[in-house]
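Below is one structure. I have some questions about it.
For ligands, and for the atoms within them, numbers begin at 1 and follow the listed sequence. Index from 1, following the sequence.
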Amino acid sequence: MSARPAPARRLTLRDLAAKKAAGEKIVMVTAYDHPSAQIVEAAGVDVVLVGDSAAMTVLGYDSTVPVTIDEMLMLTKAVRRGLERPLLVGDLPFGSYEASDAEAIATARRFVKEAGVDLVKIERGGTSIDRARALVSAGIPVVGHVGLTPQTAASFGGYRAQGRRADAALAVIDDAIALQDAGCTMLVIEAVPSEVTAALMPLLEIPVVGIGAGADADGQVLVFHDLLGIHAGGAARFVRRYADLRTDAIAGVTAYADEVRSGAYPASEHTYAMARGEVGRLEKLLAAR
Ligand code: KIV
């Protein structure tokens, strides 16, 4: 009897710090369901984020704003069931943590207890710095998110790069430092000029993962649907497409439709047969009716 392979060791927060110390890049990607979790696990990524980008990628909303705690929890639980080794980050949706420390802790606890996340992510500096401190005090590891913060993008003119001017860049850097000081374990920095990331990196000790923030960060994160080309339409400037699954999927479903219409599918190898002699018996039973 062959031995079952040993389960992969689950990464820890210390492993992330060790990667940063060793200058090893951290690979982070989003996933939103059980099959995508199994794919990113098999690809050997380090950190999986069930991002509130799920609002657009899988739920069909126009922005991240409408997605609810319960929708995010359902997706996050499915991802948890598909992961062994990577760290799992749950994204607290807009309106679920900003009002008070108590609200943030109550929401984050649901992600930890019900969906088994290792860390929660919250967006912005400002009041989110207090929320981060409260979450860390309550024993919940936090990922901060600075630069372009999609949940509040409308308040700064939409989805656009942040920190292009020196004073705005300084504000991003100050938020990042304040989030580290509040106890965050990791930071995501989104859509800022590479010079801003380069200026920030020597000022931080915690791992920083970039998305559209240049090559100086400790790692990179991309949205699963963007990097695999699952979407219709264009992607942000910083996305590199590593596959074109939408085209492949449309070709596959079109071929299936053609074969159903022509009768080429199903073929004999796709069909079941009755046990020997049973066809004759069935005919007799039908004739006797
Ligand atoms: O929701 C998300 O997918 C994110 C990443 C873009 C970092 O926040």
Worksheet item: Which of the atoms of ligand 1 are close to D91, meaning less than 4.0 Å from one of its heavy atoms?
Response: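 Heavy-atom distances to D91 below 4.0 Å select 1 (O), 8 (O).
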Worksheet item: Which residue supplies the protein heavy atom nearest to atom 3 (O) of ligand 1, what is that atom called, and how far is it?
Response: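 Heavy-atom neighbour on the protein nearest atom 3 (O) of ligand 1: S53 OG, 2.5 Å.
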Fill in: For D226, the option from R240, H231, R241 that meets side chain to side chain donor-acceptor pair (under 3.5 Å)
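Single side chain to side chain donor-acceptor pair (under 3.5 Å) partner of D226 among R240, H231, R241: H231.
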Discussion item. Could you check whether T152 and S155, counting side-chain N and O atoms only, form a donor-acceptor pair closer than 3.5 Å?
Written reply: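 Judged by distance alone, the side chains do not pair up.
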Item to complete: Give the residue and atom name of whichever protein heavy atom lies nearest to atom 8 (O) of ligand 1, and the separation in Å to one decimal.
Response: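 Going by distance alone, atom 8 (O) of ligand 1 is nearest to K121 NZ, 3.0 Å.
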Discussion item. Among D118, D15, L87, exactly one meets side-chain contact (heavy atoms from CB on, under 4.5 Å) together with R10. Which residue is that?
Written reply: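 That would be D118.
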Fill in: Modelled atom types, side-chain donor and acceptor of S63 and Y159, under 3.5 Å
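Note: S63 and Y159 side chains miss the donor-acceptor criterion.
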Discussion item. Under a 4.0 angstrom heavy-atom cut-off, which atoms of ligand 1 come close to G51?
Written reply: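 Per the distance check, 1 (O), 2 (C), 3 (O).
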Worksheet item: Nearest to atom 5 (C) of ligand 1, what protein heavy atom do you find, and at what distance?
Response: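 Going atom by atom, the protein heavy atom closest to atom 5 (C) of ligand 1 ends up being L49 CD2, 3.7 Å.
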Discussion item. Salt bridge or not between R131 and D101? Use side-chain N to carboxylate O under 4.0 Å.
Written reply: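 Between D101 and R131 there is a salt bridge, with a charged N closer than 4.0 Å to a carboxylate O.
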Discussion item. For the residue pair T254 / Y256, report whether a side-chain donor-acceptor contact shorter than 3.5 Å exists.
Written reply: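 There is no such pair (donor and acceptor under 3.5 Å, judged by atom type) between the side chains of Y256 and T254.
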Fill in: For ligand 1, the portion of T30 having any non-hydrogen atom under 4.0 Å away
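Side chain only; the backbone of T30 stays clear of ligand 1.
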Discussion item. I'd like to check which ligand 1 atoms, numbered from 1 as shown, lie under 4.0 Å from a non-hydrogen atom of H145.
Written reply: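 That gives atoms 8 (O) of ligand 1.
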Worksheet item: Can an N or O of E123 be found at a distance shorter than 3.5 Å from an N or O of ligand 1?
Response: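 Checking ligand 1 against E123, no N or O pair falls under 3.5 Å apart.
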Worksheet entry | Shortest protein heavy-atom distance from atom 6 (C) of ligand 1, along with the residue and atom involved |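 Checking every protein heavy atom, the shortest distance to atom 6 (C) of ligand 1 gives I211 CD1, 3.6 Å.
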Discussion item. What I want to check is whether the side chains of T127 and R124 have a donor and an acceptor closer together than 3.5 Å.
Written reply: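 Looking only at side-chain atoms, R124 and T127 do form a donor-acceptor pair, the distance falling under 3.5 Å.
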